[in-house]
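In what follows, residues are counted from 1 in the order of the sequence shown. Note that the structure is predicted; figures quoted are calculated from it, not measured. When reading the values below, keep in mind they use all heavy atoms of this one structure, side chains included, and skip hydrogens, waters and symmetry mates. We count ligands from 1, going down the list as the structure has it; atoms in each ligand are counted the same way.
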Amino acid sequence: MKVADKHYRTIWLSKDGRSVDLIDQRWLPHELRVETVGTVEGVATAIRDMWVRGAPLIGVTAAYGVAIRMAEDPSDKALDDVWETLHETRPTAINLRWALDAMRDLLRKLPEAERAAAAYARAAEIADEDVELNRSIGRHGLEIIRQIAARKKPGEPVNILTHCNAGWLATVDYGTATSPIYHAMEEGIPVHVYVDETRPRNQGAQLTAWEMAGHGVPHTLVVDNAGGHLMQHGMVDMVIVGTDRTTADGDVCNKIGTYLKALAAKDNDVPFYVALPSPTIDWTVRDGVKEIPIEERSGDEVSLVWGKDEAGAVRQVRISPEATPAGNPAFDVTPARLVTGLITERGIATASADGLAKLFPDRAKADAA
Ligand SMILES: CSC[C@@H](O)[C@@H](O)C(=O)COP(=O)(O)O
C-alpha cells in the first residue's frame, strides 16, 4: 500500500540480491524504519521479536530466511537446521510451518548447486501469491459489505469492527481483513472502521489505525472492552478479523480477545467474519481449543507499554507495580459455531468441515493425510 505516495510492500529482496529489506513494525506509527536482514539469526530475531508479524508475513519472511541459508550452505543438514531454527520462533501461526514445508519440499528434490536460486525464486513467488490471495479475499468480502450497504440509507456508512492487525502490515500487501474494506472504498461504498487497540502490544492502535489513516479510511480507535457496548447499541454492522490458524472444522485461532468479540457478536446478531488465505488452514487439526499451541509471550508486554512522549521520543513506560507478575497468552480460539463465515480466496465458506472441504477439496484430502 502507499505510504506518503510511495508504494511499499512489507518485505522485499534487498539490492544485494541476498538479504531482505523489511519494515520494522516495532516503530510504527511513529517512524517508518526499514531494516536489512542478511542472516538466519537476523530473520529469526525479526520474527520472534515481532519486527514483522501477522501470520502470512511470518511465512514469507521465513521463506526468505531459508533462501538466505541456502546461499551460504545448500546442504540437506543446513536445510533441516534452518527449518528447525525458524519454526520455533512463533508457535501459533501455521503459515510459518506451511512456508517452511513448501521451501523444504521443493529444495530437497534439487541438486545442491541449484538450491539457492530456486529458494529465492520460490520465496518471491510465495510473496507474490500472498498479494493475489489477499486481492481475491477482498473481492469476495466486498460482496458481504455490498449487501449490508444495500440495506442502509444513502450515504450511511457500513460500520466494521476489527481486532489486532490483519491489514497489509500483517501480509505482503492489502491484508486479509482489510482487503474487503479497501475494495469497498474503491467502489465508493461508505465504510467506517472501529479499530480495537489490541492490548498488550496494541497492534490495532499502532498498526491498523496507521493503515486506516494512511489510506483515508474513516475509523475510530476504541479500547478492547468497548466492542460489546458498541454492538448492543447497533453501532457495528459486521466484524472482520484475521486468523493465525484455522482448523479443518472451522475453529479460528486469532489474537487474544477475538473470542470475546465473537461472543458479543453472537449475542447481538452481528455477523462475525474471518478473512484468511488457504495457507492459514491447518488441515491436520480439528479442535482448535485442544490442539492449537497458544504462544505465551513475555509478561513485559503487559507491564510495559511503548509510546511517544511530548518531546517526540519513542520509549517504554511501566504501568503496573514492579512486583506484579503478568501473564500473556497471545492468542485465543473462537469456536466455529460463533463464526458467520470464512472469507477465503476461493469464496466464502461456512465455518465447518463441510464448508471448507467444499471450497478446498484438493487440500482437505491431501494435507490431512
Ligand atoms: C492476516 S494476519 C492474521 C493474524 O496473524 C493477525 O490477526 C494476528 O493475530 C497477528 O498477531 P501478531 O501477534 O501481531 O503476529
Side-chain angles (χ1 to χ4, degrees), residues 1 10-11 22-26 28 46-62 89-99 127 130-131 133-138 141 161-182 195-211 224 239-246 252-262 272-282 288 292-298 301-302 306 328-334 339 342-345:
M1 302 294 289
T10 48
I11 188 165
L22 44 87
I23 297 178
D24 182 348
Q25 301 184 20
R26 294 171 304 164
L28 290 172
I47 298 174
R48 191 183 303 108
D49 295 351
M50 295 175 67
W51 307 13
V52 292
R53 24 69 51 205
L57 180 56
I58 291 169
V60 172
T61 309
T89 50
R90 295 211 58 199
T92 302
I94 195 64
N95 305 58
L96 176 59
R97 192 180 77 201
W98 176 86
D130 180 65
V131 179
L133 294 178
N134 297 333
R135 276 212 185 96
S136 301
I137 287 169
L161 182 136
T162 192
H163 189 68
C164 194
N165 172 263
W168 71 272
L169 291 165
T171 63
V172 177
D173 208 348
Y174 289 107
T176 57
T178 52
S179 185
I181 296 169
Y182 293 134
V195 178
D196 280 355
E197 63 176 348
T198 319
R199 282 280 287 145
R201 286 187 69 104
N202 291 316
Q203 287 95 328
Q206 297 183 333
L207 305 177
T208 307
W210 182 75
E211 288 186 20
D224 293 324
V239 178
I240 316 182
V241 296
T243 167
D244 290 83
R245 193 186 299 216
T246 290
V252 169
C253 182
N254 192 48
K255 181 53 56 192
I256 193 79
T258 303
Y259 173 46
L260 291 178
K261 294 299 165 294
F272 183 94
Y273 284 96
V274 180
L276 67 150
S278 53
T280 309
I281 304 168
D282 185 348
I292 296 178
I294 300 295
E295 178 178 6
E296 183 73 32
R297 293 188 62 88
S298 164
E301 292 183 350
V302 178
W306 283 96
N328 188 12
F331 300 95
D332 62 23
V333 172
T334 299
V339 177
L342 301 170
I343 310 171
T344 76
E345 73 269 18

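In terms of protein heavy atoms, atom 6 (C) of ligand 1 is closest to Asn254 OD1, 3.5 Å. The closest protein non-hydrogen atom to atom 2 (S) of ligand 1 is Ala170 CB, 3.5 Å. At the shortest separation from atom 9 (O) of ligand 1 among protein heavy atoms lies Asp244 OD1, 2.9 Å. Among protein heavy atoms, the minimum distance from atom 1 (C) of ligand 1 is reached at Thr176 OG1, 3.1 Å.
In this model, a donor atom of one side chain and an acceptor atom of the other lie less than 3.5 Å apart for Ser278 and Glu345. Asp244 and Thr92 form no side-chain donor-acceptor contact under 3.5 Å, judged by distance and modelled atom types alone.
For the side chain to side chain contact (heavy atoms under 4.5 Å, CB included) with Trp168, the lone residue among Leu57, Val131, Thr178, Asp173 that qualifies is Asp173.
Less than 4.0 angstrom separates some heavy atom of Pro56 from each of these atoms of ligand 1: 1 (C), 2 (S). Which parts of ligand 1 touch Phe331 is read off a 4.0 Å heavy-atom cut-off, strictly below it: atoms 9 (O), 11 (O), 13 (O). Close approach to Gln203 involves these atoms of ligand 1, each under 4.0 Å from a residue heavy atom: 12 (P), 13 (O), 14 (O). Of all the atoms in ligand 1, the ones that sit under 4.0 Å from a non-hydrogen atom of Lys255 are 9 (O), 11 (O), 12 (P), 13 (O). Residue contact check: Cys164 has heavy atoms under 4.0 Å from atoms 8 (C), 9 (O), 10 (C), 11 (O) of ligand 1. Close contacts between ligand 1 and Arg90 involve ligand atoms 12 (P), 13 (O), 15 (O) [criterion: under 4.0 Å to a heavy atom]. Against a heavy-atom cut-off of under 4.0 Å, Met50 is close to the following atoms of ligand 1: 12 (P), 13 (O), 14 (O).
No donor-acceptor distance shorter than 3.5 angstrom exists from the side chain of Lys255 to the backbone of His163, with no hydrogens or angles considered. Panel note: side chain Asp282, backbone Thr246; no donor-acceptor pair is recorded below 3.5 Å. Here the side chain of Ser179 pairs no donor or acceptor atom with the backbone of Thr176 at under 3.5 angstrom. Between the Glu211 side chain and the Leu169 main chain, a donor and an acceptor come within less than 3.5 Å of each other. Between the side chain of Thr243 and the main chain of Val252, no donor-acceptor pair closer than 3.5 Å is present.
Residue Asn165 places a heavy atom less than 4.0 Å from ligand 1. Residue Ala93 places every heavy atom at 4.0 Å or more from ligand 1.
Taking distance alone, with nitrogen or oxygen atoms compared against 3.5 Å, His163 stays at or beyond that limit from ligand 1. For ligand 1, the polar-atom distance check against Ala55 finds a nitrogen or oxygen pair separated by under 3.5 Å.
Thr10 has its side chain out of reach of Thr171: every pair of non-hydrogen atoms, C-beta onward, lies at least 4.5 Å apart. For the pair Thr198 and Asp224, the minimum side-chain heavy-atom distance is below 4.5 Å.
When non-hydrogen atoms are compared, ligand 1 lies under 4.0 Å from the backbone of Thr243 (N, CA, C, O) but not from its side chain.
Rounding to the nearest 0.5 Å places CZ of Arg53 at 4.5 Å from CG of Asn165.
The heavy atom nearest to atom 10 (C) of ligand 1, out of those in Arg53, Arg201, Arg245, is found in Arg53.
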